[in-house]
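Quick notes on the structure that follows.
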Amino acid sequence: METAFVYGAKFQFVLTTGGPVLKHMGVDDPVSLQAGLWFLHCKEVMRAAEPCPHTAMRRPLTTLNIYAFLQLMEAPLLTEAWVDPAQVEVDYRHLHVPLLFVFTQAQTESLDRATAEALAWRLRGEVGVVLVHRDSPDVQTPAKYNAAYRLSDMAAVKYVTFNNLEEVVTLFKEEVAPVGEEEVAEEEEEDEEDQWTTLDVLDDEVAESVYRDRDQMLDLEPVIELTEDTFTSALAQHDHLVVLFFIKWDAVSMAFLHSFVEVSEALEDLPDVALASVDCGEWTDVCGARQINSFPSVVAYRRGDGAQLYRGMMGSESLHRFILLSRLGSPLRLASSEEVRSFLEGASDEPLGALAPVRALGAFSSGRDSGVPLFEDAARELRGEVLLGLFVDTAAQNWARELSVDLPALLVCRGSGGPTEVHSLQPSSLEELLTLIRRATLDPFPELTVENLPQYLELQKPLLLLFVTEDGPESSAALLEMQGLSHAGHLQSYLPCWINLRRTPAGSSVLESYLGASPQLPALVLSQLCSNGEVFHFPPQRPLQSGSILQWLHGVERQEEEPAGVVPDERWEPSVPFFDFLSVMDEELPGYAAQRSPKTKMAAGRGEAHLARRTSKREEVKEEEEEGRKREKDHSERRSSGAPAHTPSPHTHSEL
C-alpha cells in the first residue's frame, strides 16, 4: 500500500484475490500462494485484444524489493555498450543487479540482438542484459567467449561460452537464489539505514521524505505556530518573518515541513529572522485573507516592505539561500567606484559570495533618471533571488567614462576574476526589466540540473546538450571545447549546456529517450524542443572539437544531417485515469451520490423532519453568534474600564 501511494500517479495498481486471475498469471495452485506481484507490460501491446506480457516478482514482497523491481521495469530491456564488460556502467547500477553481457559483431548483430532480447525477457526483474559490440576498438575480449556475467558490483567479470539459452537461464537460477523471507526480515532489522542509502531511496525527494519519516514525530519547536490571534502581532515583532502556509494532509506540505524545520534550526543564531507556520486546514481565514491558494507556500515578510512569495525549489538549501539574501537591502546603494568594484568582485563579503556568485549592478547617470524607480521596483521583486546594486549620479558618470560604458547600463559579474558583462538598460515596463535581469544573470554555458532547468527552457532556444561524467579526460576536453565556442559567440542561436550524469542521474533517462539507447560518453545532442522536436546526435566516431562541432551544426542547419529521433509533443497527463467514485456509487444505489440542490422541495414525513432540524440548527448558530458578539462587547468594555477580563472562549472557525 505504501508503494501504491508513492507510485500511484505512474502505475495503476490492482489488488485481487481471485483464482482465475492467478491462474492466468501462471499460478497453478492459487491456495499455496500467500502473496505475489506481477508487472504487466501493456504499453508495448498495440491492440486491445492482445494479452499483456507480464513479469513476476520472485523476491519477497518487501518495500525495498518492490522499489527495486519497479525500477528494473522502467529500465531499458536491453542496454548496448562499446567497451569491455568490466567498464560497462548501467543506469540502474544502484540496484546491484547481476549483469549478463552478450557479445555481438556486425555479421551476426540482428541474430545476437534477438537472442539478447529473448534472454532479457526471461530474466527481467532479476538480471540486466547488455549487448556488447565486439567491433569497437575498446572491446578486447577474446573471440572464443560469446558471453560474460557479473553477479555484483564487487564481483569480477566471468567470461563463458554458452551453447543455448537454457544454459544461461539455469546459471542465473542457481547462482542468484532467492533470499528467504526470514533472512530478508533479519537484514531489514539490522541494516535498514544502510539499505536506504545504498538503494538511492525513491524516485523523488517528496516520496522519499514522506516514506522515510512516516514513523517519526517532527520537532516543531524551532518554528513558531501562528493562529489568527497571533499572526498580526508576529509580523510586528520580527524584522524578517518567513511563514510557511501548509495543510497536514498534503504529502508535499509534510515533506517540505522537514526542510523548513532544518532551515529554522540553521538560522537560530540570527536574531532578526524568525520562521513560522500556519496550518491552513485549521486557520482558513488567515490563509484566505492573504490569498494563499496553493500548498505549500512560503512568504517572506520584511518590516515596512510588504510580503514576498518564495518561488524557489522546495528544499532546505534553496530556501536557506533565499532567506539570507532577503535580509540584505535590495538594491544595495553604492557610493563610490571602490564599493562598486568590491561589490562586483565579491571581495568584501566572502561568505555571501557562495550564496550569490552572480551580481548585477544598475548604473544611472542621475538619481532623477526615470529608470531608477523602475529598477528599484525590480530589485524589490527579485530580493532573495538576485543580488542587485545601484550606482547613480556623478560618481557613476565618472566611473562609466573610465570604462567606456554608456549609461544607463546593467553590469553582470559571475564571481571574482571573471569578466564583467554590460547590457543596455532601456526597459519600458517592470515585466520587461525583470526578464532582462533574469536572463542576463543566467550562465552562458550552464550545467543543467533539476533545479535550474525551467528557467533555461524559458529561453525557447534549441538545447545543445553535452552529456558527460565526472571522471575522464575526454569529458574534460569536450567541456573545454564547448566552453570556448560559447565564449567566442559561435553558439548564440543555441543554448549550449551540459549535464553531469553522476550528479544528475535523471540525465540518463533524458539521453535514452532522445536516442533510444545509452551511447558512449561524452555525447553531444542537439534537441529542438521549441520547434519540431527533432533530436540530432553528434557522430560518435568524430572528435569532439570546435571545428567538427561547428561543421556538424552547419550540416544540421542545411538539413544535411538525419535526426536520431523525435521528441513527441504530448501533453503531460496522469498515466492512470481517475475513477469517478460518485458515479460508481450511483450504479450500486441509484441517486445515492447525486448532488441535491438546496432549493429542491423535500418530501413529507422524513424530509420535513430533516428540514425542521436544519432550520433549528441555523437558529442555534445565529444565537451562538449573537452571544459571541455580546461577549466580545462586554470584554472590550471591561478592558476599557480596567476590570479583569474573563478567559475568552476557543476560536471557532470553518474547515478548509
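- With rounding to the nearest 0.5 Å, the separation of CG in L332 from CG in L390 is 9.5 Å.
- Residues M314 and P296 meet the side-chain proximity criterion, which asks for heavy atoms closer than 4.5 Å.
- Remark: E381 engages R311 in a salt bridge, criterion side-chain N to carboxylate O under 4.0 Å.
- Across all their heavy atoms, F260 and V243 have their closest contact at CZ-C, 4.3 Å.
- Counting only distance, with no hydrogens or angles, the side chain of Q71 and the backbone of Y67 share no donor-acceptor pair below 3.5 Å.
- Using a distance-only test at 3.5 Å, with no hydrogens or angles considered, a donor-acceptor pair links the side chain of S297 to the main chain of S294.
- At distances below 3.5 Å, not a single donor-acceptor pair connects side-chain atoms of S366 with backbone N or O atoms of D393.
- With T504 contributing its side chain and L501 its backbone, the two residues share no donor-acceptor pair below 3.5 Å.
- Residues V298 and L309 are not in side-chain contact: their nearest non-hydrogen atoms beyond the backbone lie 4.5 Å or more apart.
- Between R414 and E421 there is a salt bridge, since at least one side-chain N of the basic residue sits less than 4.0 Å from a carboxylate O of the acidic one.
- When ring centroids are compared, F364 and F391 stay outside the 6.0 Å threshold.
- Summarising the geometry of W283 relative to E228, their closest heavy-atom pair is CE3-N, 3.8 Å, with the distance given to 0.1 Å.
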Quiz prompt | From CA spacing to verdict: salt bridge (Lys or Arg N to Asp or Glu O under 4.0 Å), R327, D272 | solution = CA-CA 9 Å; R327 297 174 63 234; D272 60 332; 3.3 Å; yes

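- Using a 4.5 Å cut-off on side-chain heavy atoms (C-beta onward), R438 and V386 make no contact.
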Self-check item: Intermediate values then yes/no, side chain to side chain contact (heavy atoms under 4.5 Å, CB included), L387 and L328
Solution: CA-CA 9 Å; L387 186 58; L328 304 176; 3.7 Å; yes

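- To the nearest 0.5 Å, atoms OG (S326) and CG (L382) are separated by 11.0 Å.
- Aromatic pair F39/F11: centroids less than 6.0 angstrom apart.
- Within the model, atoms CG of L425 and CG of L407 stand 9.5 Å from one another, a figure rounded to the nearest 0.5 Å.
- Here the side chains of N452 and Q455 are in contact, with some heavy-atom distance below 4.5 Å.
- One finds the CD1 atom of I224 at 6.5 Å from the CG atom of L241 (value rounded to the nearest 0.5 Å).
- Taking the side chain as every heavy atom from C-beta outward, L410 and L361 never approach each other to under 4.5 Å.
- For the atom pair CZ (F246) and OG (S277), the distance works out to 5.0 Å, reported to the nearest 0.5 Å.
- G384 and R321 get closest at one heavy-atom pair: O-NH1, 3.8 Å.
- Closest of all the heavy-atom pairs between E265 and P222 is CG-CG, 3.7 Å.
- The two residues P271 and D269 have their closest heavy-atom pair at CD-O, 3.3 Å.
- The pair R503-E447 meets the salt-bridge criterion, with a side-chain N (NZ, NE, NH1 or NH2) lying under 4.0 Å from an Asp/Glu carboxylate O.
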Quiz item: For F69 and M73, what are the C-alpha separation, side-chain angles and deciding distance, and is it a side chain to side chain contact (heavy atoms under 4.5 Å, CB included)?
Solution: CA-CA 6 Å; F69 181 70; M73 295 303 100; 3.9 Å; yes

Exercise. Under the side chain to side chain contact (heavy atoms under 4.5 Å, CB included) rule, what do C280 and V286 come out as? Steps first, then yes or no, please.
Key: CA-CA 7 Å; C280 292; V286 177; over 6 Å; no

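- Taking the side chain as every heavy atom from C-beta outward, R383 and R302 approach each other to under 4.5 Å.
- Taking 4.5 Å as the limit, some side-chain heavy atom of V273 sits within range of a side-chain heavy atom of L275.
- No donor-acceptor distance shorter than 3.5 angstrom exists from the side chain of Y456 to the backbone of L463, with no hydrogens or angles considered.
- The shortest heavy-atom contact between S318 and M313 is OG-N, 3.6 Å.
- Interatomic distance, CZ of R359 versus OG1 of T441, reported as 13.0 Å (0.5 Å rounding).
- The shortest distance between side-chain heavy atoms of T435 and E432 does not fall below 4.5 Å.
- Checked against the 6.0 Å centroid criterion, the rings of Y310 and F322 qualify as a close aromatic pair.
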Practice problem: Apply side chain to side chain contact (heavy atoms under 4.5 Å, CB included) to the pair V358 and V412, showing each step before the final yes or no. | Solution: CA-CA 7 Å; V358 181; V412 178; 3.9 Å; yes

